[in-house]
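To start, the structure itself, in structure tokens.
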Amino acid sequence: MSWYEWREYVPVAERRRRAQQKLKKLKKKGQSVAPVTIEGRTIAKSFWGNSWCTNLERYSDYATRLPRGRTYVRNGSVVDLQIAKGEVLAFVSGSELYKIKIGIAPVKASHWKGICRDCAGTIDSLVELLQGRLAKGVMDRVCREGDGLFPSPTEIKLSCSCPDWADMCKHVAAALYGVGARLDERPQLLFVLRGVDESELLASAGQDIALNGAAPAAAKVLDDGDVGALFGLEMAEPADTDTPAAPKRPPRSKVSKELKPPKESKMSAKEGKTLAGKKTPVPKKINSPPATPSGPEQILPPIIVGKRKLLRVA
């Protein structure tokens, strides 16, 4: 058959059967296979998947070939799709199983620095970034035509093993739409494809916050007195480790105070001479023992009457 003749039409079910037979051979050789499965007519549902497909459709160079590619990806003709740094490899089922290779140039360093600079301080969560749940202005900056994350036609090189003379055949278009569907599942593959690290957006935001953040004011720190006044607590005094605390003297016992003998009254020298000059009557001699200290029950010296001794109890 000539290259200029139309190939025989092959139904979709037959194309899938042929493709599956060839994929089984690839699996036996150890090659992993990741088909693109579309449910319904919507190719991409997430922010990144829709943005990828929108970027494709904004270029007039691809306008005539994209509709056939959408049909192919919807009916499951993209039986394998692999995304790596700077390239997309795919197998698309047509009249035969065709091999597609799409080269994607990395993001220019100046463009990537501009994105990081413009987004500094606005991206706090990598999860929110990958889910596309950031502010509209931030996402518009990341997706901006010309200096955003999405490639322009001059940054894309297309190759297919089919005999179609056009650079973008329907098989290549199906593979490109398959990338949008794959970004629904793994949005981080866009950053891998463009050769950039998405965490650098967070690092720029962290540096901006660290440089502009101020230390807390000293007036906002409560001391122990303020805490005690706030909660009604009596705060313990901090221990002084330099000077040892002097031991407290035990309280004096009341009993010892009661047993202490009374103080002797002092008399002047004149009173002593007066008393010495007077003659005091001498009482009858009574043999009595020395006085005993007073207590709760005091026994008085005995009285001798004749030959009998009488004891007195106070």
Side-chain angles (χ1 to χ4, degrees), residues 43-66 69-70 73 81-90 100-159 167-168 172-212:
I43 297 174
K45 301 176 182 179
S46 69
F47 170 82
W48 292 110
N50 280 321
S51 299
W52 174 271
C53 296
T54 301
N55 180 72
L56 293 177
E57 295 166 357
R58 71 168 54 143
Y59 301 117
S60 59
D61 299 1
Y62 301 157
T64 58
R65 295 288 180 168
L66 289 177
R70 289 194 292 266
V73 73
L81 182 73
Q82 306 290 338
I83 299 176
K85 181 179 179 180
E87 67 176 8
V88 177
L89 301 177
I100 291 89
K101 182 177 181 180
I102 303 171
I104 306 291
V107 176
K108 294 181 180 179
S110 59
H111 291 174
W112 179 242
K113 289 181 180 179
I115 294 174
C116 294
R117 181 179 61 253
D118 296 341
C119 296
T122 59
I123 301 177
D124 298 327
S125 171
L126 189 59
V127 174
E128 291 180 348
L129 172 65
L130 296 180
Q131 292 181 353
R133 293 190 289 107
L134 300 177
K136 184 178 184 301
V138 177
M139 303 313 297
D140 289 344
R141 173 62 188 92
V142 175
C143 304
R144 191 162 66 188
E145 182 179 356
D147 60 349
L149 277 178
F150 297 106
S152 63
T154 57
E155 295 176 317
I156 303 176
K157 293 183 178 181
L158 309 174
S159 174
D167 290 336
M168 177 176 279
V172 169
L176 286 173
Y177 274 114
V179 173
R182 185 59 49 83
L183 293 181
D184 277 359
E185 305 169 2
R186 300 177 60 190
Q188 64 270 21
L189 289 177
L190 174 63
F191 297 90
V192 174
L193 182 62
R194 298 311 311 272
V196 294
D197 184 3
E198 66 274 16
S199 62
E200 293 180 4
L201 293 172
L202 299 181
S204 299
Q207 291 174 3
D208 183 75
I209 293 173
L211 291 176
N212 296 331

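Both backbone and side-chain heavy atoms feed into the values below; hydrogens, waters and symmetry mates do not.
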Atom pair [atom1] ([X]) and [atom2] ([Y]), whose distance is rounded to the nearest 0.5 Å:
X      : Y      : atom1 : atom2 : answer
Lys45  : Glu185 : NZ    : CD    : 11.0 Å
Leu202 : Ser125 : CG    : OG    : 7.5 Å
Leu126 : Phe191 : CG    : CZ    : 7.5 Å
Thr54  : Phe47  : OG1   : CZ    : 9.5 Å
Cys116 : Glu198 : SG    : CD    : 11.0 Å
Ile115 : Glu200 : CD1   : CD    : 11.0 Å

Pairs where residues 128-145 contributes a residue and the test side-chain hydrogen bond (donor to acceptor under 3.5 Å, both in side chains) is met, not counting sequence neighbours: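 Of all non-adjacent pairs touching residues 128-145, those that pass side-chain hydrogen bond (donor to acceptor under 3.5 Å, both in side chains) are Asp118-Arg141, Gln131-Arg133, Lys136-Asp140, Arg144-Asp147.
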Side-chain contact, heavy-atom cut-off 4.5 Å: [X] with [Y]?
X      : Y      : value
Leu149 : Val196 : yes
Val192 : Ile83  : no
Thr122 : Leu134 : no

Listed partners of Glu87 passing salt bridge (Lys or Arg N to Asp or Glu O under 4.0 Å), at least two apart: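 Scan of Glu87 (salt bridge (Lys or Arg N to Asp or Glu O under 4.0 Å), adjacent residues dropped) gives none.
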Mutual orientation of the aromatic rings belonging to Trp48 and Phe150 [parallel < 30°, tilted 30-60°, perpendicular > 60°]: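 Aromatic pair Trp48/Phe150 classed tilted.
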Shortest non-hydrogen contact from [X] toward [Y]:
X      : Y      : value
Ile100 : Ala175 : CG2-CB, 4.1 Å
Tyr177 : Gly69  : CD1-C, 4.1 Å
Leu193 : Ala84  : CD1-O, 3.4 Å
Gly121 : Asp124 : O-OD1, 4.5 Å
Gly49  : Asp184 : CA-OD1, 3.8 Å
Val138 : Cys119 : CG1-SG, 3.9 Å

Pairing residues for Ser51 by the side-chain hydrogen bond (donor to acceptor under 3.5 Å, both in side chains) criterion, not counting sequence neighbours: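 Scan of Ser51 (side-chain hydrogen bond (donor to acceptor under 3.5 Å, both in side chains), adjacent residues dropped) gives none.
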Gln188: side-chain hydrogen bond (donor to acceptor under 3.5 Å, both in side chains) partners, not counting sequence neighbours: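 Listed in chain order: nothing, the list is empty.
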Partners passing side chain to side chain contact (heavy atoms under 4.5 Å, CB included) against Pro106 (at least two apart in sequence or in another chain):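 Pro106 satisfies side chain to side chain contact (heavy atoms under 4.5 Å, CB included) with no other residue.
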Partners meeting side chain to side chain contact (heavy atoms under 4.5 Å, CB included) with Pro151 (sequence neighbours left out):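 Only Trp52, Asn55, Ile104, Glu155, Ile156, Arg194 meet the side chain to side chain contact (heavy atoms under 4.5 Å, CB included) criterion with Pro151.
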